[in-house]
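Keep in mind that this is a model prediction, so the values were computed, not measured.
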Amino acid sequence: MSFTKCSLLALLAFHGICSLVSGYRVGVGRADITGPPVEINFMGYANIKQVGRGLHTRIFSRAFVVEDDNGHRVAFISADCGMMGYGLKREVVKRLQARYGDIYTTDNVAISGTHTHGAPGGFLMHLLYDISILGFVPQTFEVMAQGLYLSIKRATDNLVDGKIFLSKTVVLNANINRSPSSYLRNPEEERAQYEHDVDKTLTQLRFVDKENNLLGAFNWYAVHATSMNNTNKLVTSDNVGYAALLLEKEYNPNKLPGKGKFVGAFCSSNLGDVSPNIMGPKCSISGNDCDILSSTCPPGEGECFASGPGRDMFESTQMIGQRLAEGALNLLNEQSQESTAREVTGDVRFIHQFVDMPNYNGSAYNPLSRKLDPVRGCQPTMGYSFAAGTTDGPGAFSFAQGTTTDNPMWNFVRDFIVPPTQEDIKCHEPKPILLATGRATFPYEWQPKIVSTQLLKIGDVLIAAVPCEFTTMAGRRLRNQIRAAASAAGGIDTEVIIAGLTNIYSSYTVTPEEYQAQRYEAASTIFGPHTHTIYMDVFERLTKAMMRNDTVDAGPSPPYMNDVMLSLNTGVLFDGHPIGTDFGYVKIQPKKEYGINDTVKATFISGNPRNNLFTEKTYFAIERKINEDRWKVTYTDASWETKMVWHRTNTILGFSELEIYWTISPQTLPGVYRIRHSGEYKYILGGKYPYEGLTQSFTVSED
């Protein structure tokens, strides 16, 4: 039997040894996913007092689509939200299939949250994650579903022949480990392999067309989007979102935020124990260091709270975001000189499997006994230290991190809700169980039991989509495991990227050693001490199967719960305005003149911003006079320099006001400006009607 060169290559490609791919079609897209900015709780800190009162920056979905010569395609989304829920992903795929057929499926679409803690919640469809939001919020769910879909649609519509480049850089002074005592539980010889106790490498995929015109850049970096603390009540994309705005501003000159062809994203990675509040935890009153094991302070010294490098949370957000953006920009500038980037080549593949974590049974090698130990998952639970919160956002009552003993009073409260079984208690040791979420079924599932595991392969780059927050060492081990499995099965060296908080949310994953410490991240590792070991096993199998072009069982699908969602959030009843005014009336006009670094303020009589989210539009615009007949929009509600704050001034009569702030940056051109506000009001007898308000003009001078 003889083979032509082509047929031999085809055979090798079939077995995963080489790939018959000469190039890619690539596309990028962006869409607005800003939910209701007022009267809805934010998702992230689980703080019931953190109810939206306005808008600082809009939040976006950013997508890339890659297709190889064989027609194999993957889509990846980084969305400015806390995390992803599977009900939301299911809806996005449904809309994609309505337009494109089976080109997009659950298997080849990955949706990752940036982990901002400043975006409206109510879209996760599991009670524990939505309870602080007062339940499901259909308005949040719909705007996110449509925006996520639209970003992939735009990326698809923008597909062109192109190339992909990979590059990496180190970004310092942007993250610290918020559970260093847990990290030290990992073996000393393992820790010695790494310079830092967090990952400081920024990994970038750059997308260009055939003429090397830049289309987009997606950057993965391990850091919590918690520079904005739990007192913030303005919708924000936080530090990674600000970095994305800076990157897009650089390559979309003279475009407003959220506009322009270039798409730049900063995506989550193994950020579980990683904080942007690099000044470290201090006692809020005394300023002394917190206890390193429990993150508590002595009586009278206040709460243990970590802070960023700025004078306030806004400046800290800017500083961390600028450092991330500078790292990404340096890579892009170097790449223009063809210095450090390498081109990605090879075929596109993907693999996905649902895993029933509580019923997972396997084995793992024990280096101490040199035997295979049985490994099993547990029913979901949350430990005592979960209620302690973190140094980014402390919890309530007297809970402390590192708690490994229970309390009769809290056990009574736990058992009144739903008691854990003795099997649960033993399975989760040494975690003392505060909430037996896996046993709770009223009014619907409290936390997921079935999770999504997924790999996307673009040439020799493997993106591991994990359904939770992996800690630093947990992510490092997973990367090494996948890299070794790919080498064993496919004979190639790969670059492995951990994409966190993807497809479905199941809280945290720590290493087995870190689990023993039972700090916040361990207490929130819901499937027990073997959670990480199970993921290592699953992803090793998936990697080998994908590299060999084998298929795997799809696994049991998560339950459909759209029809059982409950919500305690009320809609807008009606809007009213004081006698002698109307909607859009300017109650407080700007001053006549301002200088650089001054803040302009205007107050409008308004309707409720929930009446119209102005998706892909803006609630207000800062306009600059060009000539007698023409004004140009220079800033919108998506701009970092602006803020929108809404107040209910009379609940019975439905009165409300909208304050608009604009801090004049040094880059602002001198001239004549005005502020235009657009909104909708809800009439008491039904219907919504648009209105508009316009301030008097004012001057911005150079001095």
Side-chain angles (χ1 to χ4, degrees), residues 13 16 18-30 62-78 103-104 108-110 112 151-152 154-169 201-221 244 247-248 251 261-267 269 327-350 454-465 479 482-483 486 490 492-499 546-547:
C18 66
S19 306
L20 287 176
V21 173
S22 60
Y24 300 113
R25 296 178 70 218
V26 298
V28 295
R30 182 197 314 103
R62 296 173 171 92
F64 70 75
V65 172
V66 177
E67 183 181 76
D68 66 16
D69 290 347
N70 301 318
H72 300 151
R73 182 183 295 192
V74 294
F76 180 87
I77 293 177
S78 176
I103 291 176
Y104 293 109
N108 68 346
V109 174
S112 171
S151 64
I152 294 183
R154 287 172 175 168
T156 305
D157 294 343
N158 292 335
L159 279 170
V160 295
D161 291 337
K163 295 179 287 186
I164 304 170
F165 293 88
L166 172 79
S167 55
K168 297 193 289 187
T169 190
T201 298
L202 183 146
T203 303
Q204 181 182 94
L205 287 182
R206 174 172 64 106
F207 302 91
V208 300
D209 64 17
K210 282 295 188 182
E211 287 72 44
N212 287 319
N213 296 310
L214 187 59
L215 303 176
F218 279 63
N219 307 272
W220 284 265
Y221 189 81
L247 195 62
E248 291 180 336
Y251 291 100
K261 293 182 178 180
F262 174 84
V263 176
F266 287 80
C267 318
S269 192
L329 283 167
N330 287 339
L331 289 178
L332 291 171
N333 291 333
E334 286 178 355
Q335 287 163 353
S336 66
Q337 302 165 18
E338 300 182 1
S339 57
T340 62
R342 67 169 181 83
E343 186 172 357
V344 176
T345 59
D347 65 354
V348 169
R349 302 183 195 181
F350 50 86
Q454 183 184 33
L455 282 164
L456 306 181
K457 176 183 181 294
I458 305 170
D460 59 355
V461 175
L462 304 184
I463 299 175
R479 279 199 299 263
I482 292 172
R483 190 179 298 115
I492 62 170
D493 293 330
T494 55
E495 181 69 37
V496 180
I497 296 171
I498 303 291
M546 182 179 67
M547 298 305 292

Ile492 vs Met547, side-chain contact (heavy atoms from CB on, under 4.5 Å): CA-CA, chis, key distance, verdict: CA-CA 10 Å; Ile492 62 170; Met547 298 305 292; 3.5 Å; yes
Residue pair Thr169, Gln204: steps toward the side-chain contact (heavy atoms from CB on, under 4.5 Å) verdict: CA-CA 9 Å; Thr169 190; Gln204 181 182 94; over 6 Å; no
CA sep, side-chain torsions, deciding dist, call: Arg342, Asp460, side-chain contact (heavy atoms from CB on, under 4.5 Å): CA-CA 11 Å; Arg342 67 169 181 83; Asp460 59 355; 3.1 Å; yes
Audit row: Val65, Arg73, side-chain contact (heavy atoms from CB on, under 4.5 Å) steps and yes/no: CA-CA 7 Å; Val65 172; Arg73 182 183 295 192; 3.6 Å; yes
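Using a 4.5 Å cut-off on side-chain heavy atoms (C-beta onward), Arg349 and Asp68 make no contact. Within the 4.5 Å cutoff, the side chain of Leu247 has heavy atoms near those of the Leu332 side chain. Looking at heavy atoms from C-beta onward, Val160 lies in side-chain contact with Leu215 at the 4.5 angstrom threshold. Side-chain contact between Leu166 and Leu205: present, with at least one pair of heavy atoms (C-beta onward) separated by less than 4.5 Å.
The main-chain N or O of Gly346 is found under 3.5 Å from a side-chain atom of Tyr24 such that the two form a donor-acceptor pair. For the pair Ser269 (side chain) and Ile498 (backbone), a donor-acceptor distance under 3.5 Å is present. At distances below 3.5 Å, not a single donor-acceptor pair connects side-chain atoms of Glu67 with backbone N or O atoms of Arg25. Remark: the backbone N or O of Asp209 is not paired with any side-chain donor or acceptor of Asp161 at under 3.5 angstrom. In this structure, Asn70 contributes its side chain and His72 its backbone to no donor-acceptor pair below 3.5 Å. One N or O on the side chain of Asn158 and one on the backbone of Val28 form a donor-acceptor pair closer than 3.5 Å. Within the 3.5 Å criterion, the main-chain N or O of Phe262 finds a donor-acceptor partner in the side chain of Arg30.
A distance of 15.0 Å separates CD of Glu248 from NZ of Lys261, quoted to the nearest 0.5 Å. Considering CH2 of Trp220 and OG1 of Thr203, their distance stands at 8.5 Å, rounded to 0.5 Å. Separating the CD1 atom in Ile103 from the CD1 atom in Ile152 is a distance of 12.0 Å, to the nearest 0.5 Å. Here the CG-CG distance, from Leu455 to Leu462, works out to 6.5 Å after rounding to the nearest 0.5 Å. The CZ atom of Phe165 sits 13.5 Å away from the CG atom of Leu331 when rounded to the nearest 0.5 Å. Between atom CZ of residue Arg62 and atom CZ of residue Arg154 there is a gap of 12.5 Å, rounded to the nearest 0.5 Å.
The shortest non-hydrogen separation linking Ala465 to Ala110 is CB-CB, 4.5 Å. Contact between Asp69 and Gly23 at its shortest, heavy atoms only, is OD1-O, 3.3 Å. Scanning both residues, Ala63 and Ile77, for their nearest heavy atoms gives CB-CG1, 3.7 Å. For Val26 against Gly162, the heavy-atom pair with the smallest separation is CG2-CA, 4.1 Å. Residues Gly459 and Val344 share a closest heavy-atom pair of CA-CG1, 4.1 Å.
Partners of Phe64 under the ring pair (Phe, Tyr, Trp, His ring centres under 6.0 Å) rule, at least two apart in sequence or in another chain, are Phe76, Phe207, Phe218.
With Glu495 as the fixed residue, the salt bridge (charged side-chain N to carboxylate O under 4.0 Å, His left out) test singles out one of Lys457, Arg479, Lys168: Lys168.
The environment of Asp493 atom CG is sparse: at most 12 non-hydrogen atoms of other residues, nucleotides or ligands sit within 6.0 angstrom.
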